[in-house]
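All remarks here apply to the structure that follows.
Chain naming here is simple, since letters A, B, ... match the order of the sequence lines and numbering starts at 1 in each.
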There are 2 protein chains.
Amino acid sequence: MAKISDIAKRTGYSNATVSKALNGSPEIPESTVATVKKVARELGYVPSSFARTLKMRRSFNLGVLFVDQTNAGLRHEYFSSILEAAKVEAEKRGYDLTFMSHTNYGGLKMSYLQHAKSRGMDGILIVSANFLDPAVEELAQSGLPVVTIDYVYNGCTAIMSDNENGMNSLFEAAYALGHRKIAFIHGEETDVTKRRIAGFLQAAKAHGLSLPSAYLGEAYYHRPETVMAALEPILRLPDPPTCVFFPDDISAITFLARQTQEAKRIHPLSFAGYDGIDLTKMIHPMLSTYVQNSEEIGTIAIDKLINRIEDPRLFVPEVVKVKGHLQSGDTIQKR
Amino acid sequence: MAKISDIAKRTGYSNATVSKALNGSPEIPESTVATVKKVARELGYVPSSFARTLKMRRSFNLGVLFVDQTNAGLRHEYFSSILEAAKVEAEKRGYDLTFMSHTNYGGLKMSYLQHAKSRGMDGILIVSANFLDPAVEELAQSGLPVVTIDYVYNGCTAIMSDNENGMNSLFEAAYALGHRKIAFIHGEETDVTKRRIAGFLQAAKAHGLSLPSAYLGEAYYHRPETVMAALEPILRLPDPPTCVFFPDDISAITFLARQTQEAKRIHPLSFAGYDGIDLTKMIHPMLSTYVQNSEEIGTIAIDKLINRIEDPRLFVPEVVKVKGHLQSGDTIQKR
DNA sequence: TCGCTCTACTAAAACGATTTCGTACTATGG
DNA sequence: CCATAGTACGAAATCGTTTTAGTAGAGCGA
């Protein structure tokens with residue numbers, strides 16, 4: 001593989017001049033730059049990023065922490081869609097994305113932080129992880145530029161899907177259609193779940209409704225069988241809800257399939273999902289849900305991360321809330 | 001950050017000895033190794049992977065080509081699930097995964113091959129891409145270790161989901177339940193599609209059935225509206241099929257939702273999807289489909305790739321077919 | 001004791017870039 | 001014509017590893 005010294009030999013310039021020419025240093029005249037670039041192309045020169053990193057202490061490489069958390073991992077459309085957007089934005093700005101892991105060295109597992117240091121990562125994007133894992137916290141508090149999704153660490157910028165707004169939008173939609181008895185089956189206890197519950201209860205309060213605590217059910221994200229199990233006692237209440245919000249679209253679609261199947265159902269129940277996965281738009285009836293703006297979340301995350309890397313002086317940790325939008329489907333019906 | 005020379009100073013050994021001790025060279029006695037490792041731990045030493053790569057010409061980094069092809073990209077559960085498995089396997093063997101891209105250097109976009117060379121990637125996994133893109137072909141033919149998924153390049157190892165077997169299994173299942181008039185709406189023309197059509201027709205032939213060519217419909221993967229459009233004329237045929245195979249689970253689920261909705265339908269149509277996404281198991285009725293073994297595909301792909309990297313002499317390009325399995329759901333009914 | 005083989009170690013040269021100081025030369029103003 | 005400033009370039013150090021080619025000393029058999 002051609003290197004800088006090959007170009008130097010061929011052009012008669014020194015390594016220093018070639019390097020400067022290729023990097024657009026102002027002290028090199030146009031004509032020289034042209035010669036150098038021409039020869040570089042002829043030789044098929046490709047800069048060696050590791051040699052570069054070694055000297056510059058800049059790798060133009062970002063770590064992505066993406067752990068198969070809720071047994072959904074990369075397959076969760078919300079997260080993978082964030083990752084996709086992050087990938088596009090990073091490429092646009094000239095950075096690579098490498099998955100973080102506990103890669104081992106000499107039979108010894110490395111911590112995430114060690115991994116990041118070892119690869120000289122310029123910054124880290126934490127998309128999906130167990131935020132309470134000490135190894136993750138260590139990473140977040142290390143001083144390396146870190147941006148997190150849907151979780152706030154002190155000193156790190158966080159990009160949050162606006163869960164309060166999400167639940168509020170759904171509530172308003174149901175309320176407007178005449179629903180007053182609304183239940184919410186939420187996912188397992190996480191930060192996001194807390195926000196959703198808060199958003200839900202705030203919306204109810206805003207309308208002067210006080211919902212029985214039995215209207216709140218707990219289940220697990222992306223495990224519809226747990227959701228159905230939580231739903232059952234709620235429907236058996238003496239005064240059952242007329243509308244129920246599910247923790248995610250998968251549960252809602254599962255319920256939908258089950259419901260349309262049982263033609264024998266007594267009263268029609270309105271319901272909504274959460275996330276806005278593609279399928280919700282394709283099925284009939286279209287699912288009512290809140291579409292999280294995962295694309296924007298991924299894009300902004302990388303944007304903020306790279307901005308901080310490239311000009312640390314301007315950096316101030318922020319919490320950015322990204323609003324999604326209501327998808328008015330057909331599964332919340334008029335009362 | 002602590003470096004080897006710091007350990008050397010502290011222990012009194014030379015850089016060379018420290019390096020060898022850390023890398024398990026046989027010429028260093030146990031006692032020395034112990035001392036060195038102890039001090040390394042105390043100083044929080046983390047090896048610099050780029051300095052290492054520079055010298056060794058081994059980065060322990062693999063490139064992953066994953067292009068948002070059919071506007072499904074990372075969100076396609078089949079692919080993201082392969083990626084997830086690849087990630088796990090790579091970590092297990094001490095390699096990192098970096099997304100390939102057209103990262104630019106000095107305002108100039110790099111080809112995939114240049115990118116790979118620049119990052120010193122030890123090998124490439126092509127998961128999803130436009131295989132006819134010259135930039136992708138260049139990469140595949142460059143001599144770098146490359147493994148592809150669902151496409152065969154000369155000289156590269158390819159891991160293939162067994163599409164012939166998939167269509168055959170589905171056909172057998174339908175046939176066993178009494179279906180003789182079976183239609184297949186396939187995706188856009190790709191290598192995979194060709195294999196599926198071939199598998200489908202072979203299965204029919206094996207039973208001495210000759211299906212009217214009108215039973216084959218063309219649509220696009222993951223665009224259910226095109227699938228529904230292709231289905232319509234087929235159902236209007238004078239002699240319509242009793243069972244139809246869809247190109248993917250998304251279309252099948254879309255159809256399911258639509259079908260259960262229209263209670264007015266005249267005759268029940270049996271159908272099946274393809275892929276085996278999680279949701280197919282959750283809904284009621286359970287979808288009949290062919291579950292591709294994406295986990296094994298991802299794992300094997302990385303395994304073969306690393307084996308080739310670590311012992312190139314043993315390398316012989318192979319085409320590995322990975323069988324999936326039939327999911328006997330409830331959407332193919334007895335006739 | 002001599003020569004030989006091991007063992008345990010080291011000095012120094014890479015690897016391929018960037019960057020800091022220079023330096024030689026040209027242009028310019030007084 | 002001289003001093004000065006600016007322009008275009010280069011020598012060499014540096015980043016943190018690995019590795020080659022050696023060396024000093026111990027052990028050992030004859």
Look only at the side chain of A:Glu91 and the backbone of B:His102, and say whether a donor-acceptor pair between them is shorter than 3.5 Å.
->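 Flag set: sc A:Glu91 to bb B:His102 pair under 3.5 Å.
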
Measure the distance from [atom1] on [X] to [atom2] on [N] and round it to the nearest whole Å.
X: B:Leu22; N: D:dT19; atom1: CG; atom2: C1'; result: 15 Å
X: B:Glu30; N: C:dA8; atom1: CD; atom2: P; result: 11 Å
X: B:Arg58; N: C:dC15; atom1: CZ; atom2: C1'; result: 16 Å
X: B:Ile7; N: D:dG16; atom1: CD1; atom2: C1'; result: 11 Å
X: B:Asn23; N: D:dT19; atom1: CG; atom2: P; result: 8 Å
X: A:Leu43; N: C:dG16; atom1: CG; atom2: P; result: 14 Å
X: B:Asn15; N: C:dA14; atom1: CG; atom2: C1'; result: 14 Å
X: B:Ile4; N: D:dT18; atom1: CD1; atom2: C1'; result: 8 Å

Which one, D:dT18, C:dC9, D:dC15, comes nearest to the side chain of B:Lys55?
->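 So the nucleotide nearest the side chain must be D:dT18.
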
D:dT18, C:dT18, D:dG16: which one has an atom nearest the side-chain heavy atoms of B:Leu54?
->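 Ranking D:dT18, C:dT18, D:dG16 by closest atom to the B:Leu54 side chain puts D:dG16 first.
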
Which part of the nucleic acid, if any, lies within reach of [X] when heavy atoms closer than 4.0 Å are counted: base, sugar-phosphate only, or nothing?
X: A:Val33; value: nothing
X: B:Ser5; value: nothing
X: A:Phe50; value: nothing
X: A:Thr53; value: nothing
X: B:Ser48; value: sugar-phosphate
X: A:Gly12; value: sugar-phosphate

Return no unless some side-chain N or O of [X] is found under 4.0 Å from OP1 or OP2 of [N].
X: A:Arg52; N: C:dG16; answer: no
X: B:Lys3; N: D:dG16; answer: yes
X: B:Thr17; N: C:dC9; answer: no
X: B:Ser19; N: D:dT17; answer: no
X: B:Arg57; N: C:dG16; answer: yes

Parallel under 30°, tilted from 30 to 60°, perpendicular over 60°: which one fits the rings of B:Phe131 and B:Tyr151?
->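 Judged by the thresholds at 30° and 60°, the geometry between B:Phe131 and B:Tyr151 is parallel.
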
Are [X] and [Y] packed together at the side-chain level, in the sense that at least one heavy-atom pair is separated by less than 4.5 angstrom?
X: B:Leu139; Y: B:His115; result: no
X: A:Arg93; Y: A:Asn307; result: yes
X: A:Ser128; Y: A:Ile149; result: no

Nearest nucleotide by nearest heavy atom, which residue falls closer to the 5' end of DNA chain D, A:Tyr13 or B:Ala16?
->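 Nearest-nucleotide comparison on DNA chain D picks A:Tyr13.
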
Is it the case that B:Ser14 and B:Thr17 place a side-chain donor and acceptor less than 3.5 Å from each other?
->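 Yes, B:Thr17 and B:Ser14 have a side-chain donor paired with an acceptor closer than 3.5 Å.
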
Side-chain donor or acceptor of B:Lys20 under 3.5 Å from a matching atom on the base of D:dT17?
->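 Not at all, since no donor on one side and acceptor on the other fall under 3.5 Å apart.
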
